[in-house]
There are 2 protein chains.
Amino acid sequence: MARKRFDDSSCSVARALNEVGDWWSLLIVLHAMYGTRRFVDFQQELGIAKNILCDRLGRLVDNGVLRKVDVGEHGSRFEYRLTEKGRDLFPVVIALRQWGDKWNPAPEQPALNLRDRATGRPVQMVQVRDADGQPLSIRDVFMPEDSLPEAKKG
Amino acid sequence: MARKRFDDSSCSVARALNEVGDWWSLLIVLHAMYGTRRFVDFQQELGIAKNILCDRLGRLVDNGVLRKVDVGEHGSRFEYRLTEKGRDLFPVVIALRQWGDKWNPAPEQPALNLRDRATGRPVQMVQVRDADGQPLSIRDVFMPEDSLPEAKKG
DNA sequence: TAATTTGGTTTCTTAAAGCAACCTTATTAA
DNA sequence: TTAATAAGGTTGCTTTAAGAAACCAAATTA
């Protein structure tokens with residue numbers, strides 16, 4: 001693969017993708033949000049090779065997305081739990097799932113049915129909103145000069 | 001790499017990641033949202049190898065995220081423009097950028113400063129919201145049985 | 001005490017990423 | 001009018017990561 005790293009990129013999306021932008025990491029986070037915590041459970045649910053899972057869990061822990069908790073008192077039993085940073089990926093994951101449900105629905109699979117625990121009502125589509133809460137499309141926004149990526153500035 | 005494909009996965013996040021979940025695709029979409037349309041511009045802005053860029057653009061076109069437009073009348077000049085499906089990734093990209101700005105801010109780089117074109121006011125944080133528009137954390141929601149991923153059902 | 005589970009590590013193979021060179025068709029410059 | 005450059009690729013080679021399978025040690029369970 002010889003992947004390019006983006007650790008030092010001036011773009012925060014690139015840096016974010018460096019942490020969770022590979023094939024597995026975001027799926028691991030997703031399953032962690034579904035409630036998975038144990039190594040073997042991730043392995044079975046995702047169908048991921050153990051060495052890759054090791055690597056990804058370690059990387060996610062290093063990046064502060066998960067933390068490794070020693071359970072079972074004297075070693076050899078661990079749980080991987082989302083940190084606040086990891087839980088903060090909630091809108092990203094849900095937005096991605098809603099996009100997938102909309103544009104590549106599985107014929108036999110129901111779309112995301114995420115509900116407010118308090119009221120039982122389904123959640124809204126994740127959207128970019130203006131200060132008044134109105135949804136904005138990409139055509140409705142602009143970015144001041146200083147927010148554009150490097151190469152576009154000169 | 002020998003990557004596992006998720007085309008047939010029952011999880012729409014996995015299928016979404018199959019289309020835009022690699023290292024480059026989402027960055028290409030991001031730059032397309034910033035206004036980039038030409039092959040050479042993507043190449044220079046992203047610092048991506050030409051063959052990889054070719055492959056990714058072609059894949060994004062195949063998947064209906066971009067469309068290739070013939071400009072310059074008689075061939076050899078093209079533009080890659082976002083489709084509606086591509087533009088629909090707006091909340092995903094913005095949520096990811098906001099996450100990156102929050103958790104891995106670049107010391108010298110300003111955070112995302114995206115503004116409503118109509119009012120000039122900054123956009124809100126992208127969040128999952130209940131039916132009344134109130135932000136929900138992952139702890140505030142639940143998923144009915146039929147929305148859980150395969151492996152958790154049995 | 002033996003078998004199994006958990007959470008790994010090691011080795012090997014395969015395939016993708018990245019680099020550089022090359023190529024064709026237009027356009028621009030001399 | 002010819003030469004140089006730009007756009008948009010393609011090809012071939014090298015490096016490196018992904019994936020499969022085997023192996024392993026500590027702890028738990030039978």
Side-chain angles (χ1 to χ4, degrees), chain A residues 1-9 14 17-28 31-32 35-63 66-81 151, chain B residues 1-9 14 17-28 31-32 35-63 66-81 151:
Chain A
M1 215 225 225
R3 240 208 77 233
K4 188 166 288 194
R5 322 283 8 266
F6 296 111
D7 317 74
D8 56 344
S9 170
L17 289 174
N18 212 35
E19 295 193 358
V20 295
D22 73 300
W23 302 103
W24 288 116
S25 296
L26 210 57
L27 283 178
I28 292 174
H31 280 246
T36 304
R37 295 178 163 189
R38 306 296 290 271
F39 187 93
V40 280
D41 294 330
F42 282 115
Q43 204 206 323
Q44 281 167 20
E45 291 168 20
L46 293 169
I48 184 177
K50 293 168 85 177
N51 51 349
I52 305 300
L53 179 57
C54 256
D55 178 82
R56 290 309 182 278
L57 287 174
R59 192 185 301 256
L60 288 168
V61 168
D62 287 346
N63 288 332
L66 296 177
R67 87 199 137 86
K68 187 173 184 174
V69 179
D70 199 324
V71 297
E73 271 81 83
H74 26 297
S76 199
R77 291 294 130 102
F78 304 101
E79 285 186 358
Y80 294 89
R81 297 192 197 156
Chain B
M1 215 224 222
R3 242 207 77 231
K4 187 166 287 195
R5 322 287 358 270
F6 297 112
D7 317 74
D8 57 343
S9 170
L17 289 175
N18 212 34
E19 295 193 357
V20 295
D22 71 300
W23 300 104
W24 288 116
S25 296
L26 211 57
L27 283 180
I28 291 172
H31 279 247
T36 304
R37 296 178 161 189
R38 306 296 290 274
F39 188 93
V40 280
D41 294 331
F42 283 116
Q43 204 205 324
Q44 282 167 20
E45 290 168 20
L46 294 168
I48 183 176
K50 291 168 87 176
N51 52 350
I52 305 301
L53 178 57
C54 255
D55 179 82
R56 289 310 182 279
L57 287 173
R59 192 187 299 257
L60 288 169
V61 168
D62 288 347
N63 288 332
L66 296 177
R67 88 199 135 87
K68 186 173 182 174
V69 179
D70 199 326
V71 296
E73 270 81 83
H74 25 297
S76 199
R77 292 295 132 102
F78 304 102
E79 285 187 358
Y80 294 89
R81 299 193 196 156

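Throughout, protein chains are lettered first and strands after them, A, B, ... in sequence-line order, and every chain is numbered starting at 1. Everything numeric in this text was worked out from a predicted model, so none of it was measured.
Here D:dA18 presents its P atom at 15 Å from CG of B:L17, a figure rounded to the nearest Å. Distance A:L46 CG to D:dG19 P: 11 Å, rounded to the nearest Å. Regarding A:I52, its CD1 atom lies at a distance of 14 Å from the P atom of C:dA16, rounded to whole Å. Protein atom CG of B:L53 is 17 Å distant from nucleotide atom P of C:dA20, rounded to whole Å. Rounded to an integer number of Å, the gap from B:Q44 CD to D:dA7 P is 7 Å. Straight-line distance from the CG atom of B:D70 to the P atom of D:dA7: 16 Å, rounded to whole Å. Rounded to whole angstrom, the span from the CG atom of A:L66 across to the P atom of C:dG7 amounts to 14 Å. What separates CG of B:D22 from C1' of C:dA16 is a distance of 11 Å, to the nearest Å.
With B:E79 as the partner, the side-chain hydrogen bond (donor to acceptor under 3.5 Å, both in side chains) test is satisfied by one option alone out of B:R67, B:R37, B:K68: B:R37.
At C:dG7, one or more side-chain N or O atoms of A:R38 fall inside 4.0 Å of OP1 or OP2 (strictly under the cut-off). Between B:W24 and C:dG18 there is a side-chain polar atom (N or O) within less than 4.0 angstrom of OP1 or OP2. Put simply, B:R56 has a side-chain N or O that comes within less than 4.0 Å of OP1 or OP2 on C:dA17. Put simply, B:Y80 has no side-chain N or O that comes within less than 4.0 Å of OP1 or OP2 on D:dA7.
Closest approach to the B:R77 side chain among D:dG19, D:dA6, D:dG9 is made by D:dA6 (side chain taken as heavy atoms from C-beta onward). Closest to the side chain of B:C54, out of C:dG8, D:dG9, C:dA17, is D:dG9. The side chain of B:K68 has D:dG9 as its nearest neighbour among C:dG8, D:dG9, D:dA6. Checking C:dG8, D:dA20, C:dT5 against the side-chain heavy atoms of A:N51 singles out D:dA20 as nearest.
Closest-nucleotide positions on DNA chain D for A:G47 and A:K50 were compared, and the one nearer the 5' end corresponds to A:G47.
Contact annotation: the side chain of A:L27 never approaches that of A:E45 to less than 4.5 Å [non-hydrogen atoms, C-beta and beyond].
Taking each heavy atom of B:F42 and B:I28 in turn, the nearest pair found is CE2-O, 3.5 Å.
A donor-acceptor pair under 3.5 Å is formed between the side chain of A:R38 and the backbone N or O of A:F78.
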### Task
Run the numbers on A:R59 and A:D22 for salt bridge (charged side-chain N to carboxylate O under 4.0 Å, His left out), then give the verdict.
CA-CA 11 Å; A:R59 192 185 301 256; A:D22 73 300; over 6 Å; no
